[in-house]
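First up is the structure itself, then whatever we jot down about it.
In this chain, residues are counted from 1 in sequence order.
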Amino acid sequence: MDHEATAAADARRRIARTDVLLADPRLAEAAARLGRGVVKAAVVAAQRRARAGEIPPDAVAAAAVAALPATASGLRPVLNATGVLLHTNLGRAPLSDAARDAVAVASGATDVELDLETGRRARRGRSVLAALLERVPQAEAAHVVNNGAAALVLAATALAGNREIVIGRGEMVEIGDGFRIPELLAATGARLREVGTTNRTTPDDYAAAVGEDTGFILKVHPSNFRITGFTRGADVAELAGLGVPVVADIGSGLLAHEPLLPDEPDAASMLKAGAHLVTASGDKLLGGPQCGLVLGHGDLVRRLARHPLARALRVDKMTLAALEATVRGPRTPTEEALHADAAARLAQAERLAGRLRDRGLDAAAVPSEAAVGGGGAPGVVLPSAAVSVPDGYAARLRQGTPAVMGRVEDGRCLLDLRAVPPDRDADIAEAVRLAAS
Ligand SMILES: *Cc1c(COP(=O)(O)O)cnc(C)c1O
């Protein structure tokens, strides 16, 4: 054995054993907090690095401590600097502080189905349902399920099992990741009765299709694409009098009209126009947790809520808590980002870029265009501002702590500030500094 190989073998022998390392007070404390498996994985990875000669044998414990995750979950926080407000891959809407606090409180034992006054069983989620009805007085009743797709499945099963759902051909939408609303509906056993054409569908098309076998008419908001040109659609108001329920899938979850997004349908307006039921997602423009909302006529909502399938689609106590805090609470981060002032964001980008240039880094403030994303407001451009840094930083920013997700455009990495809370400037600056080093 030559001298180098002997030294390497010697170093390997000096790497402490796993059980010895796990007895290190810092790692023992972490094991109590995060679980032994999580800590052991960090220890084994650090030993491997020492064996490969990347770190000295006596640095294994410190390396394991440094590599410990913040929580026992593999999910890591990400600063969304993509300029896409509702980024599906980043979990759509970030929760408000009010909603996070509510989740933390509800995560223990909680009175979700108990009346503490009488000591008797109470209606699950009664306070969030009340909150929804306060915000949407046009609805007689509300029900919450696991997501927007679940709301549609429940409506199709409870109101159109083995019967027909009348739907316009221009509204046969793919939501994303290969999931298609027509296929989802067909999977429930309901039959689709397609009417009209891709670009033009009239109220008469619907009227001609409605009959004995109709469960309901479904209006689906084309939330992630636009058809323009020679087009005609039928409004909810034009269909409400055909003698069958009209279900409006609005997607985005806006409870009331949002002037910044004039073409985006909302629950209150749809019900006012005569829709019998509205279905929507909780984690799009509503800015809450993943869930599906059903709002509308009391008898129809009750049919859905009492259907056996409802039990399989019900949400947990933490979702109920987050949803109520979203509905009752202050502006959500999504609303803040939507209403952000572009000029203020540009000033913020200039301050940030200036700070980075002061450290000798290649950074510039540039105007940028943000989007709602996540199946909402297609084609709407939200003026924004970004900090432009070399595109080589993108991967290191993604893998930093916290992870920062920007977008690469024309050979630069743009950190768009529209969806970044203003109080996270220092984190962005620090992340860029680390990515550059
Ligand atoms: C997003 C969307 C859905 C699906 O909602 P999920 O909460 O993702 O299940 C259904 N319909 C429309 C119109 C949508 O935009």
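- Considering every non-hydrogen atom in both A155 and F216, the closest pair reads O-CE2, 3.5 Å.
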For the pair L417 and L352, evaluate side-chain contact (heavy atoms from CB on, under 4.5 Å) and give the outcome as yes or no after the intermediate values.
-> CA-CA 10 Å; L417 298 181; L352 246 169; 4.1 Å; yes
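- R226 has no carboxylate O lying under 4.0 Å from a charged side-chain N of E264, or vice versa, which leaves the two without a salt bridge.
- Summarising the geometry, atom CG belonging to D111 is positioned 11.5 Å from atom CD belonging to E117; distances are rounded to the nearest 0.5 Å.
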Might you work through the salt bridge (Lys or Arg N to Asp or Glu O under 4.0 Å) test for R424 and D427, ending with a clear yes or no?
-> CA-CA 5 Å; R424 302 301 300 274; D427 293 307; 2.6 Å; yes
Give the intermediate values and the outcome of side-chain hydrogen bond (donor to acceptor under 3.5 Å, both in side chains) for residues T214 and E164.
-> CA-CA 5 Å; T214 306; E164 286 183 352; 4.7 Å; no
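- In summary, the side chains of T202 and D204 do not present any donor paired with an acceptor at a separation below 3.5 Å, with no hydrogens or angles considered.
- When the side-chain hydrogen bond (donor to acceptor under 3.5 Å, both in side chains) test is applied to T326, no partner is found at least two apart in sequence or on another chain.
- The OG atom of S281 sits 9.5 Å away from atom CG of L286, with the distance rounded to the nearest 0.5 Å.
- Annotation: D410, atom CG; neighbour count of heavy atoms from other residues, nucleotides and ligands within 6.0 Å does not exceed 12.
- More than 12 heavy atoms of other residues, nucleotides or ligands shown are found within 6.0 angstrom of CG on D362.
- Using a 4.5 Å heavy-atom cutoff, the side chains of N146 and C291 are not in contact.
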Would you check, one step at a time, whether the test side-chain contact (heavy atoms from CB on, under 4.5 Å) holds for N80 with L85?
-> CA-CA 8 Å; N80 175 10; L85 270 47; 6.0 Å; no
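- Nearest heavy atoms, A142 versus L129: O-CD2, 3.5 Å.
- Here the shortest heavy-atom pairing between H87 and T82 reads CD2-OG1, 3.6 Å.
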Taking it one step at a time, do L293 and L323 satisfy side-chain contact (heavy atoms from CB on, under 4.5 Å)?
-> CA-CA 10 Å; L293 309 181; L323 178 60; 3.8 Å; yes
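- In this structure, L192 and V166 have side chains that are not in contact, with every pair of non-hydrogen atoms separated by 4.5 Å or more.
- Without hydrogens or angle criteria, R76 side chain to G400 main chain gives a donor-acceptor distance under 3.5 Å.
- Shortest non-hydrogen contact noted between A70 and L34 is O-CD2, 4.0 Å.
- The two residues A209 and R193 have their closest heavy-atom pair at O-NH1, 3.4 Å.
- A salt bridge links D213 and R191; the closest N-O separation between the charged side-chain nitrogens and carboxylate oxygens is under 4.0 Å.
- We find the CG-CG distance between D266 and L261 to be 10.5 Å, quoted to the nearest 0.5 Å.
- Considering only heavy atoms from C-beta on, L346 stays 4.5 Å or farther from V366 through its side chain.
- The only option from E409, R418, R407 that meets the side-chain hydrogen bond (donor to acceptor under 3.5 Å, both in side chains) definition with S368 turns out to be R407.
- Looking at E238, its side chain never comes within 3.5 Å of a backbone N or O of A234 through a donor-acceptor pair.
- Applying the 6.0 Å contact sphere to CD of E369 captures no more than 12 heavy atoms from other residues, nucleotides or ligands.
- We find that R26 and E29 are not joined by a salt bridge, their nearest charged nitrogen and carboxylate oxygen being 4.0 Å or further apart.
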Verify salt bridge (Lys or Arg N to Asp or Glu O under 4.0 Å) between R200 and D205, making sure each step is shown before the conclusion.
-> CA-CA 10 Å; R200 289 178 71 85; D205 293 326; over 6 Å; no
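- Taking CG from L277 and CG from L159, the interatomic distance works out to 6.0 Å, rounded to the nearest 0.5 Å.
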Donor-acceptor list for residues 241-250 side chains, cut-off 3.5 Å, not counting sequence neighbours:
{"unit_1": "D249", "atom_1": "OD1", "unit_2": "G251", "atom_2": "N", "d": "3.3"}
{"unit_1": "D249", "atom_1": "OD1", "unit_2": "T279", "atom_2": "OG1", "d": "3.2"}

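- Applying the side-chain contact (heavy atoms from CB on, under 4.5 Å) rule to T71 yields the partners S73; only residues at least two apart in sequence or on another chain are considered.
- Under the side chain to side chain contact (heavy atoms under 4.5 Å, CB included) test applied with M270, the options D235, L254, V278 reduce to a single match, V278.
- Ion pairing of D299 with R302 is absent here, as no side-chain N (NZ or NE/NH1/NH2) approaches a carboxylate O to less than 4.0 Å.
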Walk me through it: do R345 and E336 pass the test salt bridge (Lys or Arg N to Asp or Glu O under 4.0 Å)?
-> CA-CA 12 Å; R345 285 292 199 255; E336 291 288 355; over 6 Å; no
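- Listed by chain and number, the residues in a side-chain hydrogen bond (donor to acceptor under 3.5 Å, both in side chains) with E140 amount to none (sequence neighbours excluded).
- The shortest side-chain heavy-atom distance between E134 and R328 falls under the 4.5 Å cut-off.
- Among all heavy-atom pairs drawn from R124 and V315, the shortest one is NH2-O, 2.9 Å.
- A salt bridge does not link E113 with K317: none of the charged nitrogens is closer than 4.0 Å to a carboxylate oxygen.
- Residues T110 and V105 are not in side-chain contact: their nearest non-hydrogen atoms beyond the backbone lie 4.5 Å or more apart.
- Atom CZ of R359 has 12 or fewer neighbouring heavy atoms from other residues, nucleotides or ligands inside a 6.0 Å radius.
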Residues 385-394 side chain polar contacts: donor-acceptor under 3.5 Å, at least two apart:
{"unit_1": "S388", "atom_1": "OG", "unit_2": "R412", "atom_2": "NE", "d": "2.7"}
{"unit_1": "S388", "atom_1": "OG", "unit_2": "R412", "atom_2": "NH2", "d": "3.3"}

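- Around atom CZ of R331, more than 12 heavy atoms belonging to other residues, nucleotides or ligands sit under 6.0 Å away.
- Environment of CZ in R232: crowded, with over 12 heavy atoms of neighbouring residues, nucleotides or ligands closer than 6.0 Å.
- Put simply, the side chain of T231 never gets that close to the backbone of T228: no donor and acceptor are under 3.5 Å apart.
- Separating the CG atom in L255 from the CG atom in L295 is a distance of 7.0 Å, to the nearest 0.5 Å.
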L68 vs L27, side-chain contact (heavy atoms from CB on, under 4.5 Å): CA-CA, chis, key distance, verdict | CA-CA 9 Å; L68 285 172; L27 293 168; 4.2 Å; yes
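- For the atom pair NE2 (H143) and CZ (R314), the distance works out to 10.5 Å, reported to the nearest 0.5 Å.
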Tell me which donor-acceptor pairs under 3.5 Å the side chains of residues 167-185 have, and how far apart each pair is, sequence neighbours excluded?
{"unit_1": "R169", "atom_1": "NE", "unit_2": "E194", "atom_2": "OE1", "d": "3.0"}
{"unit_1": "R169", "atom_1": "NH1", "unit_2": "G196", "atom_2": "O", "d": "2.6"}
{"unit_1": "E171", "atom_1": "OE1", "unit_2": "V220", "atom_2": "N", "d": "2.8"}
{"unit_1": "E171", "atom_1": "OE2", "unit_2": "K219", "atom_2": "NZ", "d": "2.6"}
{"unit_1": "E174", "atom_1": "OE1", "unit_2": "R180", "atom_2": "NE", "d": "2.9"}
{"unit_1": "E174", "atom_1": "OE1", "unit_2": "R180", "atom_2": "NH2", "d": "3.3"}
{"unit_1": "E174", "atom_1": "OE2", "unit_2": "G178", "atom_2": "N", "d": "3.2"}

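- When side chains are defined from C-beta on, L260 counts as touching L338, because their heavy atoms get closer than 4.5 Å.
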